[in-house]
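Report on the following structure.
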Amino acid sequence: MKILIVDDHALFRAGLRMLLATIGHEVVCFEAATIDEATALIDQHRDLQLCLVDLALKGENGLDAVRGIKDLAPQVAVVVVSGVDDFSTIRSCIDAGAMSFIPKSVQPEVLTHALRYVLGGEVYLPEQLIGTPGDLPPKPMLTPRQMQVLACLSRGLPTKLISRELGLSEHTVKEYIALVFQALGARNRTEAVIKASQLRLQELPATVRG
Amino acid sequence: MSLADAEVERATASAREQLVELIGLHARAMLRMPWVQMLLVLGIGFLTLVFVRLPVFLFWAAASISIELIRARYARGVLRRGYAIDPRRVHLAFVSLAAISGGVIGVGAMLFLPALPIYQQTVLGATLLVIPAAGVAVSQSSRYIQAAYALCLALPAGATWGALHPGQSLGVVALTLLLCAVLILAAADGDKLLLRSVSIRHERDRLVRDLEQRNAEVGAAMERAEQSAQARARVLAAASHDLRQPLHALSVYSAVLAARPAPETLKEVSQNVDQIVRALGNLLNGLLDLSRLSAGYYVPEHQNLALERLAEEVCAEYAQPAAQKGLLLRYEFESVRLLGDPVAIGRILRNLLDNAIKYTQVGEVRVTTALEWSDERATAVLRVSDTGKGIPAGERGRIFEEFYQLDNPGRDRTRGVGLGLAIVQRLCELIGAKVEVQSTMGRGTCFSVRMPVELAEPAPDLQPRTEAYAALNGRRVYVVDDEQDILKSTRTLLEIWGVAVATAQSPEETDHLFARAGRPDLMIVDLRLGSEEHGASLADRLQRLHGHFPVLITTGETSSEALLQANQRKFTLLQKPIAPEVLQRAIVASLVSS
């Protein structure tokens with residue numbers, strides 16, 4: 001699995017690389033300190049699967065990095081790893097196409113846990129955003145197909161790529177997306193990702209990861 | 001000026017202002033006097049013309065009106081000059097003029113009274129006694145003006161009356177004097193009252209001014225407090241950001257360790273953790289230093305020190321870091337001795353050097369120590385210059401702010417914590433030094449620290465190690481110049497180099513010096529000594545008398561008989577102005593060759 005780490009703090013980058021190498025299997029990490037470096041690496045490695053991005057890049061906005069990566073390689077799952085962890089920042093990251101958000105300030109074991117999620121292709125959002133498992137509303141009933149579409153939405157894939165990945169027509173995919181939004185009571189992709197995360201709907205079929 | 005002096009000066013100034021104001025009032029009253037006098041002359045003419053010879057009356061009338069015209073004219077001049085007058089002199093002039101004016105009317109009494117019948121005598125006598133009473137108003141409450149006017153008028157008039165009526169003479173003279181006394185007292189009372197009201201007004205003005213000043217001070221203090229609160233908030237925000245970043249990294253490494261990494265990873269973890277901990281330590285130390293410096297806990301020492309030696313030691317610490325970056329670390333040390341705080345100066349140099357090495361990618365970092373002169377004062381200058389990318393003009397003032405580099409996204413915040421220059425600034429303030437920065441974009445930056453040089457007793461254990469110093473130390477040098485200032489500055493300079501100096505201002509003094517203390521190791525003499533014997537011939541004569549010794553001749557001339565002689569005698573000539581290093585080289589060369 002090829003992973004790109006974008007952070008201007010070299011020691012933090014090195015730490016993430018070692019942690020990913022230790023807890024993941026056959027992980028290859030690339031490191032970038034700027035958006036330009038990140039873009040070059042993405043161009044070079046088209047089979048990149050995961051990208052961890054810091055929001056506070058020196059002189060550059062990490063959100064731009066997220067958007068840039070999604071434009072360049074929509075199939076890459078982007079995870080924001082940031083020192084800032086307020087609600088609106090997390091939302092705007094997901095708006096920009098990020099799949100998960102890991103605050104830098106979490107405890108070491110939470111960080112490991114979150115990275116395991118991310119490596120497994122699942123959504124990780126901070127607990128303060130999705131709430132504790134205690135007071136869960138009833139889970140909506142989603143068909144396996146709808147679950148697949150939701151997973152693709154979480155990864156920030158555009159409709160075209162979802163239809164290609166699932167072997168469906170774009171029109172059908174759009175109908176599925178509408179059904180998923182309705183079932184989750186969400187108005188857009190960001191709300192759907194957050195709701196799905198809150199409802200712990202993440203038991204994804206292995207086929208989705210490809 | 002002490003506070004008490006200032007108080008006295010202010011009181012004097014305010015008394016002067018009050019006097020000027022009173023004089024102004026009197027001067028304005030004077031402007032109307034010719035008209036009043038004309039009425040008086042007409043009245044007296046009406047009363048006396050039948051009995052008095054016309055030319056006598058006309059002469060008196062002309063004199064009487066003329067003196068009032070003179071007074072009015074003088075008063076106009078005083079008013080025009082306003083505050084620029086000397087109030088005491090003007091007052092004296094007014095008193096004199098009042099005396100003449102009163103005297104002229106008094107003379108009138110002497111001329112006219114004897115010629116008049118008793119009825120007219122009585123009316124004129126009464127009128128003359130009333131006039132000084134009116135003068136109380138005109139004299140504007142200066143008892144001296146009033147006294148001069150009243151006495152010069154009433155005494156001749158009273159005496160004349162007494163002479164005409166011998167039976168009443170005692171009574172008339174006594175009553176006249178009494179009247180004068182009463183009028184003077186009345187004037188004095190008015191004097192006090194007026195002075196009091198003027199001083200009350202002045203006091204009020206002063207209070208208003210004080211109040212305005214106080215308000216401005218309070219406003220400024222509040223602004224300062226506001227600024228310092230903002231600065232503190234900025235420091236806190238930047239510090240918390242900078243402290244959190246390494247903590248986040250540490251947290252990652254903690255997670256790596258918990259995940260039981262491979263042995264080769266462990267090694268990298270330990271190295272990186274070590275790096276982070278060091279950076280954190282530096283940051284915390286910087287913050288603590290800064291707060292200690294800001295809180296005034298650090299009391300600088302005053303120690304004898306050799307600046308170039310201190311600089312050399314610090315530079316040695318940075319030889320390796322500079323070499324690692326491929327930078328050339330160069331130094332040029334002029335020996336400078338001063339009273340200072342070695343810890344503070346060392347820290348200033350370390351921080352400057354650290355920055356210079358950090359922000360320079362290619363080229364060299366250069367450290368120099370030098371002694372510079374301006375206005376007869378010596379300043380020790382420590383310079384650190386680099387060939388880095390330079391600091392934009394707009395940011396040169398802000399680089400001394402804490403964490404400034406953080407606000408500047410172009411700089412790499414993983415390098416250093418952004419406190420170095422803030423600490424340099426505080427330390428410089430504490431030791432009375434000034435730090436300046438010059439920078440050319442793309443060419444490099446030069447920081448200069450200027451420290452006042454105070455001389456102390458030479459401390460033998462702190463002698464600089466340079467060769468020049470060894471050659472100079474303890475040598476006896478006579479300096480001869482007819483200019484006291486040059487003698488003084490040369491002496492200070494030589495003493496900084498460890499030279500034992502004696503000075504003379506003339507050939508005679510030089511002779512005494514030689515008689516008393518013998519031949520020196522070197523004599524520095526000005527070509528022009530303000531006497532017949534010039535420097536070269538003096539040196540020549542002394543060498544013949546006392547045996548050979550090296551001589552340096554200083555001169556501003558380029559051609560003269562004296563210069564020719566100096567050349568013939570093969571004395572070393574130094575053209576003024578002489579740079580300290582030139583002088584030092586010349587002295588060392590002379591001492592070595594002899």
Side-chain angles (χ1 to χ4, degrees), chain A residues 3 5 7-27 29 31 33-35 37 52-62 64-65 79-86 102-119 124 126, chain B residues 236-283 358-359 361 389 392 395 403-418:
Chain A
I3 302 176
I5 304 170
D7 195 310
D8 63 337
H9 191 195
L11 289 170
F12 189 85
R13 239 167 29 219
L16 266 187
R17 167 169 52 75
M18 287 181 234
L19 186 54
L20 288 167
T22 308
I23 63 175
H25 297 288
E26 290 171 30
V27 165
C29 285
E31 298 180 32
T34 61
I35 295 182
E37 282 176 34
L52 305 181
V53 182
D54 184 14
L55 281 187
L57 297 172
K58 134 188 103 182
E60 296 175 315
N61 186 349
D64 292 340
V79 172
V80 173
V81 183
S82 169
V84 203
D85 58 358
D86 57 287
I102 307 175
K104 284 186 177 179
S105 54
V106 293
Q107 298 296 315
E109 63 273 14
V110 178
L111 180 66
T112 309
H113 171 73
L115 286 177
R116 278 189 209 281
Y117 254 66
V118 166
L119 284 174
Y124 179 86
Chain B
L236 205 65
S240 67
H241 176 275
D242 263 30
L243 284 167
R244 262 210 308 260
Q245 199 182 36
L247 274 180
H248 290 157
L250 279 181
S251 171
V252 176
Y253 289 101
S254 166
V256 173
L257 290 175
R260 300 178 182 281
E264 63 272 16
T265 312
L266 265 182
K267 198 175 162 215
E268 205 184 338
V269 169
S270 83
Q271 280 171 353
N272 290 2
V273 166
D274 186 66
Q275 227 178 312
I276 296 168
V277 170
R278 264 173 223 275
L280 257 179
N282 285 343
L283 176 58
K358 228 183 263 166
Y359 292 111
Q361 305 310 326
K389 61 177 177 178
E395 297 183 20
F403 293 107
Y404 177 64
Q405 61 167 163
L406 281 186
D407 303 328
N408 177 358
R411 278 158 96 167
D412 188 347
R413 66 180 142 91
T414 58
R415 297 185 306 180
V417 295

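Below, chains carry the letters A, B, ... as their sequence lines are ordered, and counting in each starts from 1.
- With rounding to the nearest 0.5 Å, the separation of CD in B:Q245 from CG in A:D7 is 7.5 Å.
- We find the CG-CZ distance between B:N272 and A:R13 to be 11.0 Å, quoted to the nearest 0.5 Å.
- Residue B:V256 is tested with A:T112, A:L16, A:L19, A:L111 for a side-chain contact (heavy atoms from CB on, under 4.5 Å); the sole match is A:L19.
- Within the 4.5 angstrom heavy-atom criterion, no atom of A:R116 approaches chain B.
- Of the atoms belonging to A:V110, not a single heavy atom falls under 4.5 Å from chain B.
- Closest approach of A:I23 to B:A259, counting heavy atoms only: CG2-CB, 3.7 Å.
- By the 6.0 Å contact criterion, CD on A:E26 is open, its count of non-hydrogen atoms from other residues, nucleotides or ligands being 12 or less.
- Nearest heavy-atom pair, A:A14 versus B:Y253, reported as atom, atom and distance to 0.1 Å: CB-OH, 3.5 Å.
- For the residue pair B:A255 and A:P108, the shortest heavy atom distance occurs at CB-O, 3.5 Å.
- With a 4.5 Å cut-off on non-hydrogen atoms, B:V273 does not touch chain A at all.
- For a residue to count as touching a neighbouring chain, one of its non-hydrogen atoms must lie under 4.5 Å from one of that chain's; by this rule B:A258 does not touch chain A.
- Contact tally against chain B (heavy-atom pairs below 4.5 Å) for A:A21, A:P103, A:S105, A:A33: the top residue is A:S105.
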